[in-house]
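What follows is one structure encoded as structure tokens, with my remarks underneath.
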Amino acid sequence: MELRTLKTFVSVATHRNFSAAARELHTVQPSISRQIADLEDELGVRLLWRNTREVRVTAPGEALLEEAQRMLALEAHARKRVAMAASGQTGTLRIGYMSSACASFVPGLMRDFAASHPEVSLSLHEMTAQQQLDAFERDEIDIGLSRPLPIEQRDTLTALSVYEDVLMAVVPEGHRLAHRKRLALSELEHEDFVLFQRGQATGLFDQIISACGDAGFSPRIQRQPALMQTLLSEVAAGLGVAIAPGCIRRLQCDGCRFISLRPALGAVPLELHYPTTPGRPVIEAFVALIEERLPAIRQQMA
């Protein structure tokens, strides 16, 4: 039984009229009659009883009508699901993000994406830069919000610049420099340092070490926490000073003072990463939303 033939049978059985079915299906009555006759021959039963005045559905016809309507509904549902998948309206989207860098705008993005794509299953995972790279390797995330990609990842992942942050000095309240609005990196030469763990953000760590070298000293690193919140807690406890992206001011930072560095140490970009291989409409839909919101995000994070 072909779906086209079943659709013809359902139309005739519903209207109880061959001419009405022909009009609905945009064909001619002889074609309708031929399809019904072929279907009855195939099944070996009479589906419709008709004379010049009326058409009745037989008991076998009633049974087929119920099943045919179910099959046609499934076909319509399948077509809808395929169309939704092709336009990014259904599927799954797993997002890795650095909360310290984008917690202020990610909830709004997720809310708006969920509202416009209610059939997409969303999951959000807080991850460091390195954890995101590892998750991409294991196909555990589809989107990442992180620091610039290492050279070896640039062929497999596409990067979109979201905004640029700046590095700032972070000192405890009561520190001799806490009252300053800006300072030179060289003024921290004799301090103990709390730096974010290199294994979790290699590019950021190396950028800071290189800047210290340019300022004429090698930092005396005492602690290397794996979380930015821990870094702030250790600075607030007086265990050292830090150089970190200014965005972490949005975390719990009581007891810390953020001070601008002059000259600036260079930008700290946040990027959106996703697989270079095309064919994932749901990813493309989220990327399109990010692109649409970039001006607002950059203004918010300025």
Side-chain angles (χ1 to χ4, degrees), residues 96-108 126-132 145-148 162-271 297-302:
Y97 80 113
M98 301 169 60
S99 63
S100 59
C102 50
S104 58
F105 62 84
V106 161
E126 184 176 351
M127 296 177 170
T128 65
Q130 186 58 51
Q131 287 171 339
Q132 289 187 37
L145 286 158
S146 185
R147 299 306 179 191
V162 178
Y163 75 89
E164 290 191 346
D165 204 349
V166 295
L167 288 172
M168 302 184 74
V170 190
V171 303
E173 288 182 348
H175 189 275
R176 62 184 178 84
L177 298 172
H179 67 285
R180 298 276 294 277
K181 292 184 177 180
R182 60 186 59 85
L183 56 81
L185 183 57
S186 59
E187 295 181 71
L188 301 176
E189 177 178 359
H190 301 296
E191 301 287 340
D192 289 337
F193 271 78
V194 179
L195 291 186
F196 192 67
Q197 192 177 108
R198 185 179 189 275
Q200 300 301 329
T202 304
L204 177 63
F205 184 94
D206 291 349
Q207 182 180 0
I208 294 171
I209 297 299
S210 177
C212 291
D214 292 342
F217 72 98
S218 179
R220 191 168 61 218
I221 303 172
Q222 299 299 319
R223 296 175 179 274
Q224 294 191 62
L227 297 173
M228 283 295 184
Q229 187 61 70
T230 304
L231 178 146
L232 290 174
S233 297
E234 292 183 348
V235 170
L239 302 179
V241 302
I243 304 296
C247 63
I248 69 171
R249 286 174 293 180
R250 293 172 172 82
L251 300 177
Q252 174 58 43
C253 59
D254 291 347
C256 296
R257 289 289 179 266
F258 285 78
I259 305 172
S260 297
L261 292 165
R262 295 291 184 268
L265 303 188
V268 184
L270 181 80
E271 297 180 344
I297 292 171
R298 288 168 181 171
Q299 182 177 8
Q300 179 182 358
M301 301 304 295

**Study point:** Check against side-chain contact (heavy atoms from CB on, under 4.5 Å), I248 and L231
**Key:** CA-CA 10 Å; I248 69 171; L231 178 146; 4.2 Å; yes
Check your understanding: Distance from C247 atom SG to E164 atom CD, nearest 0.5 Å?
Key -> 13.0 Å
Check your understanding: Taking all non-hydrogen atoms of both residues, which atom of G240 and which atom of V194 are closest, and how far apart?
Key -> CA-CG2, 4.0 Å
Point to revise | P148 versus E271, closest heavy-atom pair with distance | key: CA-OE1, 3.3 Å
Review point. Between atom CZ of R182 and atom CD of E187, what is the distance when rounded to the nearest 0.5 Å?
Key: 11.5 Å
Review point. Should P269 and R147 count as side-chain neighbours, where that means a heavy-atom distance under 4.5 Å?
Key: no
Practice item. Would you give the length of the straight line joining atom CD of E173 to atom NE2 of H179, rounded to the nearest 0.5 angstrom? Key: 14.5 Å
Study note, to complete from the structure: Residue pairs passing the side-chain hydrogen bond (donor to acceptor under 3.5 Å, both in side chains) test with at least one member in residues 196-215, sequence neighbours excluded, are T128-Q200, R198-D206
**Study point:** Reported CD1-to-CG distance for the pair I208 and L167, which is rounded to 0.5 angstrom
**Key:** 5.5 Å
Practice item. Could you tell me whether R220 and E191 make a salt bridge, using a distance below 4.0 angstrom between a side-chain N and a carboxylate O? Key: no
**Study point:** Residues L270, D165; criterion side-chain contact (heavy atoms from CB on, under 4.5 Å); working and verdict
**Key:** CA-CA 7 Å; L270 181 80; D165 204 349; over 6 Å; no
**Study point:** Approximate separation, where rounding is to 0.5 Å, of L251 CG and S99 OG
**Key:** 6.0 Å
Point to revise | Heavy-atom closest contact (P172 atom, G238 atom, distance) | key: CG-CA, 4.0 Å
Review point. Between Q300 and S104, is there a donor-acceptor pair closer than 3.5 Å when you use the side chain of the first and the backbone of the second?
Key: yes
Review point. Quick one: does L261's side chain get under 4.5 Å of V166's, heavy atoms only?
Key: no
**Study point:** Heavy-atom closest pair, residues Q224 and F196
**Key:** OE1-O, 4.4 Å
**Study point:** Heavy-atom closest contact (L195 atom, I209 atom, distance)
**Key:** CD1-CD1, 4.0 Å
**Study point:** Spacing of L183 atom CG and I259 atom CD1 [to the nearest 0.5 Å]
**Key:** 5.0 Å
Practice item. Would you name the heavy atoms of L188 and F193 that are closest together and state the gap between them? Key: O-CE1, 3.4 Å
Check your understanding: Angle class for the Y163/F105 ring planes (parallel below 30°, perpendicular above 60°, tilted otherwise)?
Key -> perpendicular
Review point. Below 4.5 Å, heavy atoms only, C-beta onward: do P245 and M228 meet side chain to side chain?
Key: yes
Exercise for review: Please collect all side-chain hydrogen bond (donor to acceptor under 3.5 Å, both in side chains) contacts where either partner lies in residues 230-251, sequence neighbours excluded, each pair once.
Suggested key: none
